[in-house]
Amino acid sequence: MVPEIAKVQVALGERSYPIYIGSGLLGRSDIYRRHIPSSQVMLVSNETVAPLYLPKLTEALQGFKVESVILPDGEQYKTLEVWNQIFNQLLRKQFNRQCTIIALGGGVVGDMAGFAAATYQRGVHFIQVPTTLLAQVDSSVGGKTGINHALGKNMIGAFYQPRCVVVDIETLASLDQRQLSAGIAEVIKYGLINDAAFFAWLESNMDALLARDPWALAYAVEHSCLDKAQVVAADEKEAGQRALLNLGHTFGHAIETGMGYGQWLHGEAVAAGMCMAADMSRRLGWLTSDAQARIIALVRRAGLPITPPNDINRERFLSLMGVDKKIMDGRLRLVLLKAIGVSLVTDAFDQTELNNTLNGYAGKPD
Ligand code: NAD
Ligand code: GLY
């Protein structure tokens, strides 16, 4: 039991909002009442999460006119067609432009519900109740919403901030171990991009996290949210430093799209992608071999893949990476590492070393 509520603030002027982190928050009606300005509330969840947590959330919303829409479960359903189910329900139930949409679920539900909130009647109120570790430390914070396209991951979407984020650590009890590890990938990411002390904390506390020690989980979630809130407050629309949060994602999105959505978990693809970024950084002479070894060791200990699937060769990687959102003036930009806790976004790298990394990982000689 983690008794206290931690509150992390995302500072965005009049659109600032709190992230509440603690145990048993799902049923805390006082929190929702503080942030719901409407009578109509649409809960968006999926067929796995709804049976587990929708009743408790609905009970906490007594007094509101609550409706729900339950989406199919999986990354492969993060599509335009499934997204439309949210609008069907909003219109069927005659929801007006003062309504509030609450996302209850992992990153897929959160991204889809958030994008619906951004666009329904040109924008309605939105609250995130993330139930996976990945969503609690990353996707529910910062306002990126969207859906996939067959040709590229998260290619259609909007920046749209929630009114608050409610993180109930207890929901992680029902998460399977593979999903927990996938969330840990994004936690490791924060240590790598700008927080060497947090990376060292993870090296000491990985066993506790994997065993779901509530204090370790609460600390990791709060610390990750603090790191992310700071970056988002400084660069909400990713004009600069927010792109650092995409460490491992250019390689990772290529893996997800290349393998078919839902085959590799997002966090797994990011984990392999971070190891590839570390490999390329070491080849460029920017990262020491010792640092690379520490990164690989931590990713492996978290139960995550350290290499991409063999099915994607260098040519396919390069073609898939060609639709990355960080591309500027036709030039591929990558997030790379100078050290653990020191990252940069750059297009100033020797293409040969990218090819060497891709060749190396496809099992070919350097
Ligand atoms: P997910 O939403 O698919 O959830 C993973 C699985 O866990 C699903 O089967 C889900 O039904 C289940 N689940 C959720 N909560 C549960 C619980 N408490 N108990 C048991 N099962 C539970 O995947 P995810 O890893 O949460 O999110 C990945 C998605 O997030 C990707 O689409 C990725 O692109 C997106 N993402 C977005 C951002 C952003 O900034 N918006 C950042 C990172 C990732
Ligand atoms: N997950 C990357 C970002 O929010 O910018």
Side-chain angles (χ1 to χ4, degrees), residues 10 26 44-54 56-57 70-79 103-115 118 128-148 152-162 165 167-187 189-190 193 212 224-225 227-229 231-232 234-250 252-253 255-257 261-262 264-271 325-326 335 345:
V10 184
L26 190 63
V44 181
S45 192
N46 74 19
E47 58 202 7
T48 303
V49 178
L52 295 170
Y53 301 116
L54 199 71
K56 194 161 188 184
L57 178 56
I70 309 303
L71 305 176
D73 181 7
E75 184 72 38
Q76 65 274 32
Y77 298 110
K78 197 178 171 183
T79 60
L104 173 72
V108 170
V109 164
D111 280 11
M112 293 176 87
F115 189 31
Q128 288 267 19
V129 184
T131 60
T132 62
L133 181 60
L134 186 140
Q136 294 180 353
V137 299
D138 191 356
S139 62
S140 66
V141 175
K144 279 191 181 175
T145 71
I147 53 176
N148 297 330
K153 174 99 179 118
N154 294 335
M155 277 293 145
I156 302 158
F159 285 98
Y160 197 69
Q161 302 294 343
V165 180
V167 176
D168 187 343
I169 302 290
E170 283 181 13
T171 59
L172 300 179
S174 52
L175 204 60
D176 72 35
Q177 203 65 20
R178 187 177 168 202
Q179 295 289 351
L180 187 80
S181 288
I184 293 175
E186 301 278 14
V187 177
K189 177 187 79 179
Y190 293 112
I193 60 177
R212 299 172 204 230
S224 301
C225 288
D227 278 350
K228 180 151 188 185
V231 175
V232 169
D235 178 22
E236 182 186 7
K237 300 275 173 75
E238 202 167 304
Q241 76 170 100
R242 183 164 181 171
L244 296 175
L245 294 174
N246 288 321
L247 174 67
H249 284 59
T250 303
H253 285 168
I255 295 170
E256 284 185 88
T257 308
Y261 298 126
W264 273 53
L265 301 182
H266 176 72
E268 292 172 340
V270 167
K325 289 193 283 306
K326 283 183 298 307
V335 186
V345 186

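All ligand and atom numbering here is 1-based and tracks the order in the structure. Excluded from the calculations below are hydrogen atoms, water molecules and symmetry mates; all remaining heavy atoms, backbone and side chain alike, are included.
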>> To check your reading of the model: name the closest protein heavy atom to atom 31 (C) of ligand 1, its residue, and the distance in Å.
In response: E75 OE1, 3.1 Å

>> To check your reading of the model: name the closest protein heavy atom to atom 17 (C) of ligand 1, its residue, and the distance in Å.
In response: S174 OG, 3.5 Å

Proximal atoms of ligand 1 relative to [X] (non-hydrogen, under 4.0 Å):
{"X": "Q179", "value": "5 (C), 6 (C), 7 (O)"}
{"X": "T171", "value": "17 (C), 18 (N)"}
{"X": "G107", "value": "2 (O), 24 (P), 26 (O), 27 (O), 29 (C), 30 (O)"}
{"X": "K228", "value": "40 (O)"}
{"X": "Y53", "value": "18 (N)"}
{"X": "T48", "value": "11 (O)"}
{"X": "D138", "value": "42 (C), 43 (C)"}
{"X": "S139", "value": "36 (N), 37 (C), 38 (C), 39 (C), 40 (O), 41 (N), 42 (C), 43 (C), 44 (C)"}

Counting heavy atoms only, which part of [X] comes closer than 4.0 Å to ligand 1: side chain, backbone, both or neither?
{"X": "D73", "value": "side chain"}
{"X": "N148", "value": "neither"}
{"X": "N46", "value": "side chain"}

>> Using the side chain to side chain contact (heavy atoms under 4.5 Å, CB included) definition, which of the options P162, C225, P130 pairs with S140?
In response: P130

Min N/O separation [X] to ligand 1 under 3.5 Å:
{"X": "E186", "result": "no"}
{"X": "V141", "result": "no"}
{"X": "N154", "result": "yes"}

>> Is it the case that over 12 heavy atoms from other parts of the model lie below 6.0 angstrom from the OH atom of Y160?
In response: yes

>> Do Y53 and S174 pair up side chain to side chain, a donor and an acceptor below 3.5 Å, judged on atom types alone?
In response: yes

> Just checking, is any N or O donor in the side chain of E238 or N246 under 3.5 Å from an acceptor N or O on the other one?
Replying inline: yes

> Considering only heavy atoms, which of T131, L134, L172 lies nearest to atom 28 (C) of ligand 1?
Replying inline: L134

>> For atom 33 (C) of ligand 1, tell me which residue out of K153, M112, K144 has the closest non-hydrogen atom.
In response: K153

Does [X] use its side chain to pair, donor to acceptor, with the backbone of [Y] at less than 3.5 Å?
{"X": "K189", "Y": "L245", "value": "yes"}
{"X": "Y261", "Y": "K153", "value": "yes"}
{"X": "R212", "Y": "L180", "value": "no"}

Please work out, at 4.0 Å between heavy atoms, whether the side chain, the backbone, both, or neither of [X] comes within that distance of ligand 2.
{"X": "D138", "result": "side chain"}
{"X": "E186", "result": "neither"}
{"X": "N246", "result": "side chain"}

> What distance separates L104 CG from Q128 CD, expressed to the nearest 0.5 Å?
Replying inline: 10.5 Å

>> To the nearest 0.5 Å, what is the distance between CD1 on I156 and NZ on K78?
In response: 11.0 Å

>> For ligand 2, which is the ligand I care about here, please tell me if R242 has any N or O atom under 3.5 Å from one of the ligand's N or O atoms.
In response: yes

>> The test is side chain to side chain contact (heavy atoms under 4.5 Å, CB included); show your working for L133 and Q179 and say whether it passes.
In response: CA-CA 8 Å; L133 181 60; Q179 295 289 351; over 6 Å; no

>> If you compare all heavy atoms of G262 against all heavy atoms of Q76, which two are closest, and at what distance to 0.1 Å?
In response: CA-OE1, 4.0 Å

> How are the rings of H253 and H266 set to each other: parallel, tilted or perpendicular (split at 30° and 60°)?
Replying inline: tilted

